[in-house]
Amino acid sequence: MNKILASTFRTPLSASNLDSDALQFLYDVSCTINAIDNRSELLTELLKSVTEKIHGQSAVIRLISDEGWMDLISSYNVKESLL
């Protein structure tokens with residue numbers, strides 16, 4: 001069975017910043033899900049939204065195969081040389 005590993009690199013922020021506009025964030029995510037046609041684009045847009053919501057600097061989603069390989073599925077604001 002494949003596993004998904006998601007990593008986000010973020011700057012510290014207070015909990016009140018996260019709670020202040022959660023409903024708007026959920027609305028934005030649902031609009032993204034409804035507007036996108038393919039999985040790759042969907043994951044990229046969701047990764048961007050979540051990373052920006054938590055004031056992240058960059059993020060990646062990797063699929064871990066049964067053999068232990070980590071395949072890059074999506075990334076946001078990561079230098080190509082770091083992937």
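Residues meeting the side-chain hydrogen bond (donor to acceptor under 3.5 Å, both in side chains) test with E52, sequence neighbours left out: Y76. For L46, the side chain to side chain contact (heavy atoms under 4.5 Å, CB included) partners at least two apart in sequence or on another chain are V29, T32, I33, L42.
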**OP:** Could you walk me through whether T51 and N77 pass the side-chain contact (heavy atoms from CB on, under 4.5 Å) test, one step at a time?
**Re:** CA-CA 9 Å; T51 303; N77 205 27; over 6 Å; no
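Across V60 and S75, no two heavy atoms sit closer than the pair CG1-CB, 3.9 Å.
Atoms CG and CD1, from L47 and I61 in turn, are 4.5 Å apart once rounded to the nearest 0.5 Å. Taking CG of L63 as the start and OG of S74 as the end, the distance is 12.5 Å to the nearest 0.5 Å.
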